[in-house]
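Read through the structure below, which is laid out as structure tokens, and then see the notes.
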Amino acid sequence: MSKRLLLIDGNSIMFRAFFAMHQQMDRFVNHDGLHTAAVYGFKLMLDSVLKTYKPDAALVAFDAGKKTFRTAMYDDYKGGRDKTPSELSEQFPYVRQLLAASGIQTYELPNYEADDIIGTIASQADAAGYTTTIVTGDRDLTQLVTEQTTVAVTKRGVTNTEEYTPAYMLEKLGVTPTQYIDVKALMGDSSDNYPGVTKIGEKTAVNLIREYGSLDAMYEQIDQMKPSKRKENLQNEEKIARQCQTLATIKRDAPITIGLADLAYTGADEGALVELYRELDFQSFLKQLNPTTITAETPTTAYTELTAANLADVANMTGSIVFHLELLQANYHEADLVGFVIGQPDHWYVSADVSLLQTPALKTLLANPDVKKDVFNAKAQIVALNRLGVTITPIAFDLLLASYLLDTNENSDDLALVAQAHDYQGVVSDEIIYGKGAKLAIPETPATWMTHLANKAAAIHALRQPLFDELQANDQVALYTDIERPLSRVLAEMEMTGIRIEATTLTTMQAELTTRLAELETAIYEDAGEEFNINSPKQLGVILFEKLKLPVIKKTKTGYSTAVGVLEKLRPEAPIVDKILQYRQVAKIQSTYVAGLLKVIRDDHKIHTRYLQTLTQTGRLSSVEPNLQNIPTRFEEGRKIRQAFVPSEPDWVIFSSDYSQVELRILAHVSGDQNMQSDFKSGEDIHASTARRIFHLLPGEEVTPNMRRQAKAVNFGIVYGISDYGLAQNINVTPKQAKEFIQNYFDEFPGVYHYTKDIVKIAREQGYVETLTHRRRYLPDIHAKNFNLRSFAERTAMNTPIQGSAADLIKIAMIKMGQALQAHGLQARMLLQIHDELVFEAPASEVPELRRVVAEVMDSAMQLDVPLKVESKVGPTWYDLKPIED
DNA sequence: CCACTCACG
DNA sequence: ACGTACGTGAGTGGT
């Protein structure tokens, strides 16, 4: 097999990488303020091509400077270009370091461009029988394509490429690689700033070269060309065309002083890479490297191994301590316990024996109200310790929670990444210590992970004060102290309590659904005339749109869309469509809910979800393993799943209360809109009163169901950050009509109009938006040049304060709920939170009082300029809930 | 590991 | 001109 050579156009890829990452440039700055986005992008590209082409030899060519033989023959060559931004030029030395450490040669040659070096080497490589790939961002290099040399041109970012072979060139550009030079000669190149022939663009140039075969051949026969303005131009500007041809031609014989023999690629120097990644703060690349390379240089915090003998040293600690129980997996309900660290600065104690936590000495210390605990992820610690029968309280500082409040993006459950984000380097990622996937394990040498734990404890302590200071500066102390920190304990309680599931209900459903799926499957195969995988959108697309020739309504990036909306439109066309819709619905219920929930029922016959408190960008919770916030309710078929959710005690009931139209009420409050506020105060159905206003109905006139539906959609649209395009799509009207709806809406609710304008302005000025409790979301894309990114940020600016303040509201209610239930001596337990709804289980006898207490707590959680409305329901299962009448 | 689809608020 | 409604998680197929 022939040897493989990789040639990279260094300058071109650097430019591509820099501009591809330009939107997020702020994120790529190292601890010294050095920009690193281009080096980062270059590295991504490099990994990708090394993996794809597995070269035996490699070279990255750079331009030597601005002056080349081309500028000597044509003054304006590459003239008019903006100066390279300093944010990019400062990165060139580092990309060279990266390449040196990666074991890849670099080369540059005075008076020549990188292209010429590449062209020359590629020629030599062709002669020597190599298979060559050239990677560039510049399509001009496709003139170098041969049977042996492929040119990969980056598109959309830096890791996607389009590979030009001779056949692909003909197909795509209509000319051969050599002809491509002549095309360029005629059409010119605006970025390299040479003109070509007047009035000749790409289309004409390609046609001419295809017709005559080459520039030379064309000029030989130009006399036979029939008279035209174009002919005149070609004749008058022959000299220019010839000159452009020279400019466009990449040299194949540059006087280079290296040869193929110098380019052998044998792999990277990992030590040098580690050093460079550290310098550039490339955490993700660091992680990919062999852990042993890294651990040798990791910081080490001194610690003492904790045993029964020195327990007293810890037990006597006063004031504040750091505690961390190390879990091997994310699911703390069942994760393996690795060990723990406890102590104070310079006095860290580590042990693998978690049963020490159950000794009176430590158990008392951890529950001692006078000794404050600093931790990482309080909720995880509370739940995991509870498995040992140990209580931890009071928690003062939670590094994860504080970090998330300061910036919702700094929320990794890996302590090292969070510490990094706050410029603390003294701890490495869990992945480096424990590995991941199938290789996840506790290291054989205990000192490895014990040092890691000591490092973690030191990090928690070191970041405590700075993060508190930042919370203070952001006016977020109350959010932290009064909401999120106490909430973590409330959530821990809910998760530990769990919700009872009647497994037999699910297994009965499973059998029925299996039969139905089989029937549908048979019927679908019959209609299709063959068997295929109905679950595969790809195979389904072939059946529907190629075999059955149904009209294509919408396409996805990869093929035909078969989403519900599309199938619904196709339903009248063929009976198979309805069957597929039914199949999809049943299959979803079967796999995600019936089988999915059966899988996670534990020995106590309950399901214990985990709420992620530091994940969403808005302040909402999310729920995982399983997600109990998306149990079906909209359609009867799926809704039946809720029959399996039952009380855990005899004579108890499921009780649920939800906030009615909470987001619109918050909008009425934050916007101060008088009309909207008075609509809520009147107590009328809000979508109906909105319809009244935007359709200008007279007092006696009735709101039709369609008006209400459209008004409701507009209300939703406003909450989501309205756009005519989005609204039009949603309610199936033209963008023009949608625009009118929105205009009418804003005329009727001028306060809302001003809110949308103001909040976007605020986002632009301060870079973030806030909820009522000063929860923050940064929106860097608000300044993006890209329309899509910027529009998205603007909609987010409108939506986040609303969705986020609603999240604030229910969180406050949840904290007060625990206290209220206790104060009233109720046995009722809060089980679930579903964004605007709280689900409880309670003795049936408590329901009347519970209803009053819950409604009172939820109603008064926050004082808004509009009333809040709470609706309560009760029943024997989550399915059978019935409204409670006054 | 990503794309698609679909469940919820 | 650009071309999306906001926020989530899980299962499946396909590379």
Side-chain angles (χ1 to χ4, degrees), chain A residues 159-160 408 437 532-541 554-567 580-581 583-597 599-600 609-612 615-635 637-639 641-642 658-664 667 713-731 735 738 742 769 777 784-804 806-807 810 832-838:
Chain A
T159 52
N160 289 316
T408 48
F532 65 102
N533 189 341
I534 308 169
N535 287 319
S536 161
K538 195 177 165 189
Q539 294 182 31
L540 180 60
K554 203 172 111 189
K555 288 196 146 196
T556 66
K557 263 186 280 186
T558 50
Y560 311 108
S561 170
T562 65
V564 175
V566 172
L567 296 188
I580 289 165
L581 282 165
Y583 178 91
R584 281 250 178 98
Q585 198 184 23
V586 177
K588 172 85 180 176
I589 295 165
Q590 179 78 304
S591 64
T592 304
Y593 296 105
V594 178
L597 289 176
K599 258 187 274 180
V600 292
T609 186
R610 282 182 298 137
Y611 289 105
L612 304 187
L615 181 129
T616 69
Q617 296 300 305
T618 54
R620 275 190 176 182
L621 300 176
S622 85
S623 159
V624 294
E625 287 184 89
N627 181 356
L628 292 183
Q629 291 181 318
N630 71 347
I631 303 300
T633 182
R634 288 173 196 169
F635 302 102
E637 288 252 41
R639 192 180 183 127
I641 292 288
R642 295 183 173 222
D658 68 281
Y659 282 115
S660 160
Q661 269 108 34
V662 66
E663 292 191 344
L664 283 176
L667 175 62
V714 176
N715 276 331
F716 266 93
I718 296 289
V719 168
Y720 290 157
I722 196 84
S723 77
D724 44 14
Y725 212 89
L727 178 64
Q729 199 177 292
N730 192 274
I731 55 175
I742 295 167
V769 292
R777 179 176 186 176
K785 288 204 182 73
N786 179 308
F787 174 87
N788 280 331
L789 286 177
R790 190 176 65 249
S791 306
F792 184 48
E794 288 169 359
R795 293 195 298 275
T796 311
M798 301 181 217
N799 172 264
T800 295
I802 300 170
Q803 190 183 117
I810 197 163
L832 304 175
Q833 187 251 44
I834 307 130
H835 309 306
D836 61 359
E837 174 186 8
L838 294 174

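Reminder, nothing fancy here: chain letters follow the sequence lines and each chain counts from 1.
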Pair A:Ser623, A:Thr609 - check side chain to side chain donor-acceptor pair (under 3.5 Å), show working. CA-CA 6 Å; A:Ser623 159; A:Thr609 186; 2.8 Å; yes
Is there a side-chain contact (heavy atoms from CB on, under 4.5 Å) between A:Phe716 and A:Leu664? Walk through the geometry before answering. CA-CA 8 Å; A:Phe716 266 93; A:Leu664 283 176; over 6 Å; no
Could you walk me through whether A:Val662 and A:Leu667 satisfy the side-chain contact (heavy atoms from CB on, under 4.5 Å) test, starting with their C-alpha distance in whole Å, then the side-chain angles of each, then the deciding distance to 0.1 Å, before giving a yes or no? CA-CA 9 Å; A:Val662 66; A:Leu667 175 62; over 6 Å; no
Take A:Thr562 and A:Val566 through the side-chain contact (heavy atoms from CB on, under 4.5 Å) test and state the conclusion after the steps. CA-CA 6 Å; A:Thr562 65; A:Val566 172; 6.0 Å; no
What's the verdict on side-chain contact (heavy atoms from CB on, under 4.5 Å) for A:Leu832 and A:Tyr611, showing C-alpha distance, side-chain angles and the deciding distance? CA-CA 9 Å; A:Leu832 304 175; A:Tyr611 289 105; 3.6 Å; yes
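Atom pair A:Ile810:CD1 and C:dT8:P shows a separation of 17 Å (rounding to whole Å applied). To the nearest angstrom, C1' of C:dA5 lies 13 Å from CD1 of A:Ile802. Between the CG atom of A:Leu832 and the C1' atom of B:dC8 there is a distance of 13 Å, given to the nearest Å. The distance from atom CD of A:Glu637 to atom P of B:dC8 is 12 Å, rounded to the nearest whole Å. Atom-to-atom, CD1 of A:Ile742 to P of C:dA5 comes out at 14 Å; the value is rounded to the nearest Å. Spacing between atom CZ of A:Arg620 and atom C1' of B:dC8 amounts to 9 Å, rounded to whole angstrom units. Protein atom CG of A:Leu567 is 10 Å distant from nucleotide atom C1' of B:dT5, rounded to whole Å. In this structure, A:Tyr720 atom OH and B:dG9 atom C1' are separated by 7 Å, rounded to whole Å.
Candidate nucleotides C:dG7, C:dG3, B:dG9 were compared by shortest atom distance to the side chain of A:Asp836, and B:dG9 ranks first. Among the nucleotides C:dG3, C:dC6, B:dC6, the one closest to the side chain of A:Ala563 is B:dC6. Nearest to the side-chain atoms of A:Ser622 among the listed nucleotides B:dC6, B:dA7, C:dG9 stands C:dG9. Distance from the side chain of A:Thr558 is smallest to B:dC4 among B:dG9, B:dC4, C:dT8.
A donor N or O paired with an acceptor N or O is not found under 3.5 Å between the base of B:dC8 and the side-chain atoms of A:Gln629. Taking 3.5 Å as the limit, the base of B:dG9 and the side chain of A:Arg634 contain a donor-acceptor pair of atoms between them.
Comparing the same atom, P, in C:dA5 and in B:dT5 gives a spacing of 13 Å after rounding to whole Å.
Closest non-hydrogen pair, A:Ile534 versus A:Tyr583, comes out as CG2-CD2, 3.5 Å. Scanning both residues, A:Ile731 and A:Ala713, for their nearest heavy atoms gives CG2-CB, 3.1 Å. Scanning all heavy atoms of the two residues, the minimum distance from A:Gln833 to A:Gln629 falls at O-NE2, 2.9 Å.
As judged by a 4.0 angstrom heavy-atom cut-off over every strand, A:Ile589 is placed among residues making no nucleic acid contact. Counting non-hydrogen atoms under 4.0 angstrom, A:Thr800 reaches nothing in the nucleic acid. Looking at heavy-atom distances under 4.0 Å, A:Arg639 makes no contact with the nucleic acid at all. Looking at heavy-atom distances under 4.0 Å, A:Ala738 makes no contact with the nucleic acid at all. Within the nucleic acid shown, A:Ile631 comes within 4.0 Å of sugar-phosphate atoms alone, with no base atom in reach, counting heavy atoms only. Residue-level contact check: A:Gly717 touches the bases, meaning some heavy atom is under 4.0 Å from a base atom.
At the phosphate of C:dC6, OP1 or OP2 sits under 4.0 Å from a side-chain N or O atom of A:Arg795. The side chain of A:Arg584 places no N or O atom within less than 4.0 Å of a non-bridging phosphate oxygen (OP1 or OP2) of B:dT5. For B:dC4, neither phosphate oxygen OP1 nor OP2 lies less than 4.0 angstrom from any side-chain nitrogen or oxygen of A:Ser561. Regarding contacts with the backbone of B:dC4, a side-chain N or O of A:Thr556 is found under 4.0 angstrom from either OP1 or OP2.
Near DNA chain C, defined here as any heavy-atom distance below 4.0 Å, the residues from residues 723-731 of chain A are A:Ser723, A:Tyr725, A:Leu727, A:Gln729, A:Asn730, listed numerically.
Side chains of A:Thr618 and A:Thr800: a donor-acceptor N/O pair is absent below 3.5 angstrom, by distance only.
In this structure, the side chain of A:Arg795 does not engage the main chain of A:Tyr720 through any donor-acceptor pair within 3.5 Å. Formation of a donor-acceptor pair under 3.5 Å by the A:Asn799 side chain with backbone atoms of A:Gly721 is not found in this model. With hydrogens and angles disregarded, a donor-acceptor distance shorter than 3.5 Å links the side chain of A:Gln539 to the backbone of A:Asn533. No donor-acceptor distance shorter than 3.5 angstrom exists from the side chain of A:Arg777 to the backbone of A:Val769, with no hydrogens or angles considered.
Of the charged side-chain nitrogens involved, none lies within less than 4.0 Å of a carboxylate oxygen, so that A:Glu637 and A:Arg584 do not count as a salt-bridged pair.
A distance cut-off of 5.5 Å between ring centres, combined with a plane angle under 30°, leaves A:Phe787 outside any stacking arrangement with the base of C:dC2.
Helical stems in DNA chain C, defined as runs of 3 or more consecutive Watson-Crick or G-U wobble pairs with donor-acceptor distances under 3.5 Å: B:1-9 with C:6-14.
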Contact letters for nucleotides 10-15 of chain C, in which S counts primed atoms plus P, OP1 and OP2 and B counts the base, heavy atoms under 4.0 Å: SSSSSS
